[in-house]
Structures are given as C-alpha cells and as structure tokens.
Amino acid sequence: QAQLVESGGGLVQAGDSLRLSCEVSGRTFRRMGWFRQAPGKEREFVASTRRTESVLASYYVDYADSVKGRFTISRDNAKNTVYLQMNSLKPEDTAVYYCAASDLANNRYNYWGQGTQVTVSS
C-alpha cells in the first residue's frame, strides 16, 4: 500500500517562500499533484506533474491560474519525492496542502497524504 507524507508547511509572511515535500513510499506514480483546502472552501487543484510516454521520460506540468509564475512543482525520482516550491506567497495561499497520486485510467487521484498547513500572514 502506497503512502504519501507531506512536510514543509509553516507560518510565513506575505512575500516569503516555502518548499513543500511529499515523500512517497511503497511504489511510484506517473501522475502526482498538489491540492489545497482553505477554511470554509472546497479543496482545489494547485499543480500536477505527469510522466510522459516518451522514452526520454519527460514530464508535463500544470498549474492553477492563481499560482502560475509563483509555484513550481518538481520531482526527484531517486528519492520518490515530489516538491512544491512556493514563492511570493500571499495571504490567500493560506490552506492545508495535500499531496495526491493517481494510478487510475481516468486520472482521478486515489492516494492522498495527510496534509500540511501553510499560513501566510499579511
């Protein structure tokens, strides 16, 4: 059974940076993503990375409009870890951030971490 464990959250000021990590154990996944849920709001997509079918093993990445240009998703396959580098943080980025993985044909995420709190003060 795969496990996803997030780390790296914390309390920062607006304009600061944080890097979240998601360590995966038990197996590897072609598609992984980050989601977040703010108090009183639904969980929303933040970023994803998907390994292509190419023998060159390149990756597609995708971002929510609200984080484009500020957040970067990356992965270290040797460590089986996915990262979310968050720069120029804003108070509206405050949320619990979840790492997710998918091994379904419909690409729905079926593995989730426990979440890590990110709080950005103004």
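Along the sequence shown, the residues carry numbers beginning at 1. Predicted model only: the values in this text are computed from it and were never measured.
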Participant: Drop me the distance from S74's OG to Q85's CD, to the nearest 0.5 angstrom.
Facilitator: 8.0 Å

Participant: OG/S21 to CZ/R75 distance, rounded to the nearest 0.5 angstrom?
Facilitator: 14.0 Å

Participant: Under 4.5 Å between side-chain heavy atoms, hopping through other hydrophobics if needed: is there a path connecting V46 to V96?
Facilitator: no

Participant: Assigning hydrophobic clusters by single linkage (Ile, Leu, Val, Met, Phe, Trp, Tyr; side-chain heavy-atom cutoff under 4.5 Å), is Y109 placed with F29?
Facilitator: no

Participant: Just checking, is any N or O donor in the side chain of T119 or Q117 under 3.5 Å from an acceptor N or O on the other one?
Facilitator: yes

Participant: Rounded to the nearest 0.5 Å, what separates atom OH in Y111 from atom CG in D103?
Facilitator: 4.5 Å

Participant: Using side-chain contact (heavy atoms from CB on, under 4.5 Å), reason through E92 and V120 one step at a time and then give a plain yes or no.
Facilitator: CA-CA 8 Å; E92 51 263 44; V120 185; over 6 Å; no

Participant: State which residue, out of L18, L20, L89, N87, fulfils the side-chain contact (heavy atoms from CB on, under 4.5 Å) condition with F71.
Facilitator: L89

Participant: Quick one: does R27's side chain have a donor or acceptor within less than 3.5 Å of a partner on A2's backbone?
Facilitator: no

Participant: Tell me if a side-chain donor or acceptor on T52 pairs with a main-chain N or O of S58 at a distance below 3.5 Å.
Facilitator: yes

Participant: Name every donor-acceptor pair, under 3.5 Å, that has one atom in a side chain of residues 30-41 and the other anywhere in the protein, sequence neighbours excluded.
Facilitator:
| from | atom 1 | to | atom 2 | distance (Å) |
| --- | --- | --- | --- | --- |
| R31 | NE | N107 | OD1 | 3.3 |
| R36 | NE | E44 | OE2 | 2.6 |
| R36 | NH1 | D93 | OD1 | 2.9 |
| R36 | NH1 | Y97 | OH | 2.9 |
| R36 | NH2 | E44 | OE2 | 3.2 |
| R36 | NH2 | S66 | OG | 3.4 |
| Q37 | NE2 | K41 | O | 3.0 |

Participant: Please lay out, stage by stage, how E6 and L4 fare under the test side-chain contact (heavy atoms from CB on, under 4.5 Å).
Facilitator: CA-CA 7 Å; E6 303 97 333; L4 283 62; 5.6 Å; no

Participant: In this structure, would L84 and V118 fall into the same cluster of hydrophobic residues linked by side-chain contacts under 4.5 Å?
Facilitator: yes

Participant: Is it the case that one hydrophobic cluster holds both Y59 and Y83, taking links as side-chain heavy atoms less than 4.5 Å apart, direct or via other members?
Facilitator: no

Participant: Given a cutoff of under 4.5 Å between side-chain heavy atoms of I, L, V, M, F, W and Y, with clusters grown through shared members, what are the other residues clustered with L11?
Facilitator: none

Participant: Got a sec, which hydrophobics cluster with Y60, joining ILVMFWY side chains under 4.5 Å apart, including via others?
Facilitator: none

Participant: Counting N and O atoms only, with roles assigned by atom type, does the side chain of D62 sit under 3.5 Å from a partner on the main chain of S48, one being a donor and the other an acceptor?
Facilitator: no

Participant: Using a 4.5 Å cut-off on heavy atoms from C-beta on, say whether the side chain of T81 contacts that of C22.
Facilitator: no

Participant: State the NZ-CZ distance between K90 and R70, to the nearest 0.5 angstrom.
Facilitator: 4.5 Å

Participant: L104 and V82: same hydrophobic cluster, using ILVMFWY side-chain contacts below 4.5 Å?
Facilitator: no

Participant: Considering all heavy atoms of both residues, which atom of P91 and which atom of A14 are nearest to each other, and what is their separation?
Facilitator: CD-CB, 4.1 Å

Participant: Main chain of I73, side chain of Y63: is a donor-acceptor contact present, judged purely on distance under 3.5 Å?
Facilitator: yes

